Protein chains: 2
Amino acid sequence: MATIRDVAKAAGVSVATVSRVINKNEYVNKETEQKVIVAMQELHYEPSSLARGLAGKKMNTIALMIPDISNPFFPGLARGVEDVAQQYDFNVFLCNSDDLAYKEKSYLEILRKKSIDGLIIISNNVNEEELEPLRMANIPVVLLDRPFNEQNYSVVRSNNRNGAIMAVEHLLAIGCKKIAHIAGPEKFVTARERRLGYEGIVSQYSWYTPSLIEHANFDIEGGKQAVTKLVANNTDIDGIFAGNDLMALGALKQLIKLGKNVPDDIALCGFDGISLTELTQPEITTIQQPIYEMGAAAALTLIKKLKGEITETKIQELDVKLIIRGSTEKGKKLPLAT
Amino acid sequence: MATIRDVAKAAGVSVATVSRVINKNEYVNKETEQKVIVAMQELHYEPSSLARGLAGKKMNTIALMIPDISNPFFPGLARGVEDVAQQYDFNVFLCNSDDLAYKEKSYLEILRKKSIDGLIIISNNVNEEELEPLRMANIPVVLLDRPFNEQNYSVVRSNNRNGAIMAVEHLLAIGCKKIAHIAGPEKFVTARERRLGYEGIVSQYSWYTPSLIEHANFDIEGGKQAVTKLVANNTDIDGIFAGNDLMALGALKQLIKLGKNVPDDIALCGFDGISLTELTQPEITTIQQPIYEMGAAAALTLIKKLKGEITETKIQELDVKLIIRGSTEKGKKLPLAT
DNA sequence: TTGAAAGCGTTACCAC
DNA sequence: GTGGTAACGCTTTCAA
């Protein structure tokens, strides 16, 4: 590997000059610049990121900390992040935390040691204090999807509460008379916001009782279990708003197993817009978050901060969208699955 | 951030000594060691990876180059890779190539500049020549899933041909009399191997004709299109072996749309074992690859190479497994979806 | 506009 | 066992 010295020698100039043409900051004589460029090409010179980093430059590396890339919600986000990063010549470290505080902490340390430039994080655990070392090290952080604090950090999230309202209103619009909600764990801001959206609407109705809310884990199994309980406790439910798509998927499975017709007996609406909801029979109506765009927006915000193009912290709340599919199209004839 | 100098000063020893206790290679007096350790803790000293890297040490960073993290096949692999990496204190760069040669090339350059220690790659494009620079730089490479060369690189893959044979034999065993195959693009080794496995079995039968093989893209749309053609050209097909699960998913959708009963009219078997196949109605029988384990094995191999615990290149061929589900359980009464 | 040289925080070699 | 110090490859300040 050729070094900057080799280039300098080959071009007959000083190391400093070569550095100047690499960084394009200071003025360099056009002719000298050409000589240097030629020398760089001939030697296939590639600056060492390490050395630049040590000398105080950015590494063009960010980290993306998510609970679990194998959860279908995250790959889209990750792709959005990585695409933008790629576009701006950044690389991204993938960090799976499993939403475990100790893994997150351990990563935060490592990332500092490795001189990453910035962090995009999705976490329920992390707080001001844990991020303090990054603040000290001047490493900007963007909170994605689940902000714990919207004052001191840039945040990218979607409008969960509105989405929930849209979901419930849609179920009402198609004629549902008693709508249950499968809520995610309360430790998720997103779960809380969606529950609040649901409650905001249904609490005006006389049929509403708190037992229409069933909490469950944000996964398929959670959806199944919740449905079982819900159906046992409330014989006349005719609509379910699931707090995320995975739970909706589980709910659908279980409803079919229990012999319920979806949507005619019970209509179902999910939240997230992951592609799995298009594969079921019937397909699942859902509140679509702009997942990819959220990742992309987070990455863009972070990179602009790193480049100094943004200094203030800002909140980006992206809009969600109701996607109507078979699971709420009552009375429509669907092709049989078996 | 405290540096090694600060620690040395605080402990009243030389920088070299501190370095020694950090690296635990050479002998250091127990007492001095203690002093140093105490000093490190008091100053919250954390060695800079950059500096270590510049000085010739490994960065404990590997790259994972895959086509697209949002393709459901890859997150499991990525998770396997990252888990093992995490366990050995490595970080992983996520690189989405979209299977595009120019993106791959660009990444290969960047990775070299950034002094990554090793690479795990899934690619149809990359070849000996393109990886030469890494070889020169002494950066080990592990080929995952789609080896282009099994001589000079360590390879982790699964037994595609066997899997295909298992799939076809299963379809025969449940009574299928005419089995078609939706094959992936020929540029994928995996697609070719599966097709060969299929042909190996069916070519012995009198009903076999090459028109039973339909090529399509490895995605849902591909599966749909292939089914349309297949059904149009071969009215008496009663079994389909899809070259991967995404195609099987599309195939199922289209079969239902065409009014076919799966499995009674046409049985269906996929390949990969991604979790989506459990969500459909009926659930899809598939040949399950140990996806997570493949990622984990690749990472383990790479890291062992980096640690010098392995020197030779080796091939790991993991076994696949037939998972029987509704799409091949003929005559079994399934709950209705609508 | 350019060059010399002092860092950046480690490691590793050579002395003692 | 331990210390001194060149070297890793670059950026940046200071002079010229």
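Letters go in sequence order (proteins before strands), and every chain restarts at 1. Since we're looking at a predicted model, the values are computed, not measured.
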Applying a 4.0 Å non-hydrogen cut-off, can you work out what [X] is touching in the nucleic acid: base, sugar-phosphate, or nothing?
| X | value |
| --- | --- |
| B:Glu46 | sugar-phosphate |
| B:Val13 | sugar-phosphate |
| B:Thr3 | sugar-phosphate |

Could you state the [atom1]-[atom2] distance from [X] to [N], rounded to the nearest angstrom?
| X | N | atom1 | atom2 | answer |
| --- | --- | --- | --- | --- |
| B:Lys57 | D:dC8 | NZ | C1' | 14 Å |
| B:Ile4 | D:dG3 | CD1 | P | 12 Å |
| B:Leu54 | C:dA12 | CG | P | 13 Å |
| B:Asp6 | C:dG9 | CG | P | 8 Å |
| B:Arg20 | C:dC14 | CZ | C1' | 11 Å |
| A:Lys114 | C:dG9 | NZ | P | 19 Å |
| A:Asn23 | D:dT12 | CG | C1' | 10 Å |
| B:Glu26 | C:dA15 | CD | C1' | 13 Å |

Worked verdict on A:Asp99 versus A:Ser97 for side chain to side chain donor-acceptor pair (under 3.5 Å): CA-CA 5 Å; A:Asp99 219 349; A:Ser97 68; 5.0 Å; no
B:Thr61-A:Lys114 side chain donor-acceptor pair, cut-off 3.5 Å: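 Yes - a donor-acceptor pair under 3.5 Å links their side chains.
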Under 3.5 Å side-chain donor-acceptor pair for B:Tyr88 and B:Asn60: no
5' priority, DNA chain C, between A:Ala55 and B:Ile22 [closest heavy atom]: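 First, find each residue's nearest nucleotide; the 5'-ward one identifies A:Ala55.
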To the side chain of [X], which of [options] is closest?
| X | options | value |
| --- | --- | --- |
| A:Asn25 | D:dG1, C:dT11, D:dT12 | D:dT12 |
| B:Arg5 | D:dT2, D:dC10, C:dT10 | C:dT10 |
| A:Ser19 | C:dG9, D:dT11, C:dG3 | D:dT11 |
| B:Thr32 | C:dA12, D:dC10, D:dT2 | D:dT2 |

Greater than 12 external heavy atoms within 6.0 Å of B:Lys187's NZ: yes
OP1 or OP2 of C:dG3 under 4.0 Å from side-chain N/O of A:Thr17: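 Indeed, a polar side-chain atom of A:Thr17 lies that close.
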Phosphate OP1/OP2 of D:dT2: any B:Ser14 side-chain N/O under 4.0 Å: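 Answer no for this pair, as no side-chain N or O of B:Ser14 is under 4.0 Å from OP1 or OP2.
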B:Arg20 NZ/CZ over B:Tyr27 ring centroid, <6.0 Å and within 45° of normal: no
Whichever of B:Lys30 and B:Ala51 has its nearest DNA chain D nucleotide further upstream toward 5': B:Lys30
